[in-house]
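The block underneath contains the structure these notes are about, expressed in structure tokens.
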Amino acid sequence: MIAMQRFLGKAGGLPGAPSRGLSAFATPPPARPGWRPIRKILAANRGEIAIRIFRAATELDIKTVAIFSKEDFGSLHRYKADESFLIGTGRSPVGAYLAAEEIVELAVKQNVDAIHPGYGFLSENTKFVSLCEQAGIAFVGPPSKVIQRFGDKTEARALAGEYNVPVVPGTEFAVTTVDDAKKFCADCGFPVIIKAAFGGGGRGMRVVRSADELEENFLRASSEALSAFGNGSVFIERYVDSPRHIEIQILGDGTDTVHLFERDCSVQRRHQKVVETAPAIGLPDDVTQALYADAVRICSGAGYINAGTVEFLVDPKTNQHYFIEVNPRIQVEHTVTEVITGVDLVQSQIRIAAGQKLKELGLSQDKISKRGYAIQARVTTEDPMHDFRPDTGRLQVWRPAEGFGIRLDGGNAYSGATISPHYDSMLMKLTGSALSFDGASDKVARALSETRIRGVKTNIPFILNVLRHPQFKSGKATTSFIGETPELFNFEFRQNRGQKLLNYLGDLVVNGRSVQGALGPVTPRVEPLLPKETPHGAPPKGLKQVLTEKGPAGFAKAVRENRGLLITDTTWRDAHQSLLATRVRTKDLLAIAPATAHALAPCYSIENWGGATFDVCLRFLRECPWERLAQMREQVPNVPFQMLLRGA
């Protein structure tokens, strides 16, 4: 515990957590070279990875800072941090999270000690890392010189050759023109694969099988890389047909480097990983040992610091492996490694960034072991029936499954959330674990079958078909598995009978019978009773004036002496809290306020603040709750306002 806390600083925490005051370790002990306290950390990202960073930091007693674009105003990640700040005004939704200078300036202004980039966006941007270093802020990842070597995929390939790690033939330098691409392909032949030189995650990646396809795919890959990573450079290499995609998780502290075994990421669609497993099954032991050795050797040689992933292709026919790249960041699929090893990779990243050594963290190679199997499924709003087109809309139902052996890493999904078209379509990562591969697969399948998501399409039916397919269960799936298995797209149609029935009944109650051939009595039509014309002039005096003029004692006396029935009207609370009513805006309540002041003048009170009023105003109506109250009081000066206060 002391080893964990010795480098931490001032307390922070997730909203709702108890106040922790100043950590006992806020004043650091005599520091060795490279040691630095981290009291406050900013996540330069959004969604589930930002939440993952905040949770890891909070457990380490570190205060957390979120950033958000205007499109992410209602996103969950900003509410999971101790502080949150709007960035990227005037920029595109993605551009806001690429505003490197603005993010570093904000961090300096808010006394942030460290920035964690997550994955994507600025995680492999050398300029961003340099800005952090110049500002004296710890970057939770490798230093800029290491990012430069591995972030540039062509330089990483050269480094692999330097340390005798086998590579697929490819361009020596980043390619920026179609002519250069044509020259390489003329020598290398087809098929080839075009990849973003300064990013990963499947973006900026295209397979080209003939010269006729080269120019169009080159331009598309370059454009996609520019949009996602701020740099349109690409590199090209010979394409290996139907390999297995195996990656090795590593941690380094600049002196020592260790591996945390392998992940199998072969189940991909258009180079986007769909299902990941750890460890890989069906690989000979000598192959995995060679992968471990090569991964550690190239990272040790480069003086690697922090977490990273060394990716390989393995030819299933020959078991020959080829180096692809080093991703100098945390990966989306890091959860499966955490589950089988018990090592918190994000906390390890933060602690290494603070200057701790692997041995201090108990992470020598002989102490790292694996147990069981883990499988991660990425649940997205992609519709497999329509070429995985991302769906958007409002989440009407959000009920993810839980249970023994299930881990959920959520992003911005909750009942009532609006799924935006501006960002990645992932709703959550579901990780299942068991002592056997089949057991882990069964747990993930059970949890996905139990999950209920309504309002948007999801890829859950597709993932279930993947998990149940014999080729996947045998461990023989390759990167071409999805493309060559059309039966994965045969789905059972989900009826969603319960929600359809509720919608029908609600429509029947409100609008009467509208379905042709419907039987039963006609729904009675009720004519609304409108109030008489509002009298001119100020409303009659009421108990609010008594409270103002005579104080609480005078108010209590007036209530006791009243000989009639005193009524509290709750219309202004229930009207915007009821499940079947539209949330009512302030302007709509103010429209009836003058009539209310006259009609309810003799009332005891108007209850206008319920259990969800503040949240509804702020998040759904986008209004200030305090201004709402002030405007109501101006229009209704004579009746006391009442709040529903629940005690627990």
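Residue numbers count from 1 along this sequence. Treat the numbers as computed from the prediction; the structure is a model and nothing was measured.
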* Go through the structure and list residues passing ring pair (Phe, Tyr, Trp, His ring centres under 6.0 Å) with Tyr97, not counting sequence neighbours. => Phe121, Tyr423
* Is any side-chain heavy atom of Arg55 closer than 4.5 Å to a side-chain heavy atom of Val346? -> no
* **Asn638 (side chain) donor-acceptor with Gly542 (main chain) under 3.5 angstrom** => no
* To do: Dump the intermediate steps for side-chain contact (heavy atoms from CB on, under 4.5 Å) on Trp572 and Val636, then the final yes or no.
  => CA-CA 12 Å; Trp572 284 14; Val636 185; 3.6 Å; yes
* **Min side-chain heavy-atom separation Ile406-Arg446 under 4.5 Å** => yes
* Would you call Thr89 and Lys70 a side-chain contact if the rule is heavy atoms closer than 4.5 Å? -> no
* Do other residues, nucleotides or ligands put more than 12 heavy atoms under 6.0 Å from the NZ atom of Lys587? -> no
* Counting only heavy atoms not in Glu627, do more than 12 sit closer than 6.0 Å to its CD atom? -> no
* Would you say the side chain of Thr381 lies within less than 4.5 Å of the side chain of Thr392, judging by non-hydrogen atoms? -> no
* Taking only residues two or more places apart in sequence, or in another chain, which ones meet Tyr119 in a ring pair (Phe, Tyr, Trp, His ring centres under 6.0 Å)? -> none
* Asked: How far does CZ of Phe68 sit from CG of Leu86, to the nearest 0.5 angstrom?
  -> 5.0 Å
* Between His334 and Gln331, is there a donor-acceptor pair closer than 3.5 Å when you use the side chain of the first and the backbone of the second? -> yes
* **Set of residues satisfying side chain to side chain donor-acceptor pair (under 3.5 Å) with respect to Asp344, sequence neighbours excluded** => Arg52
* Contact check, side chains of Arg407 and Asp409, non-hydrogen atoms, under 4.5 Å -> yes
* Determine which pairs satisfy ring-ring contact (aromatic ring centres under 6.0 Å, His included) with at least one residue from residues 380-408, sequence neighbours left out, and list them in order. => Phe388-Phe462, Phe388-Phe489
* **Met643, CE atom: more than 12 neighbouring heavy atoms under 6.0 Å** => yes
* Asked: After noting the C-alpha distance and the side-chain angles of Asp72 and Arg46, does the key distance pass the salt bridge (Lys or Arg N to Asp or Glu O under 4.0 Å) rule?
  -> CA-CA 8 Å; Asp72 267 341; Arg46 64 180 299 279; 2.6 Å; yes
* **Atom CD of Glu402 with >12 non-hydrogen neighbours under 6.0 angstrom** => no
* Inspect the surroundings of OH in Tyr604 and state if more than 12 heavy atoms from other residues, nucleotides or ligands are less than 6.0 Å away. => no
* Asked: Is there any side chain to side chain donor-acceptor pair (under 3.5 Å) pair reaching into residues 539-561, and which pairs are they, with sequence neighbours excluded?
  -> Lys544-Thr548
* With side chains defined as the heavy atoms from C-beta onward, is the minimum distance between Asp387 and Arg270 less than 4.5 Å? -> yes
* To do: Would you check if Ile87 and Ser69 make a side-chain contact, meaning some heavy-atom pair closer than 4.5 Å?
  => no
* **Partners passing salt bridge (Lys or Arg N to Asp or Glu O under 4.0 Å) against Glu634 (at least two apart in sequence or in another chain)** => none
* To do: Check whether any side-chain N or O of Ser420 sits under 3.5 Å from a backbone N or O of His422 as a donor-acceptor pair, and report yes or no.
  => yes
* To do: Report yes if the side chains of Gln642 and Asn608 come closer than 4.5 Å at any heavy-atom pair, otherwise no.
  => no
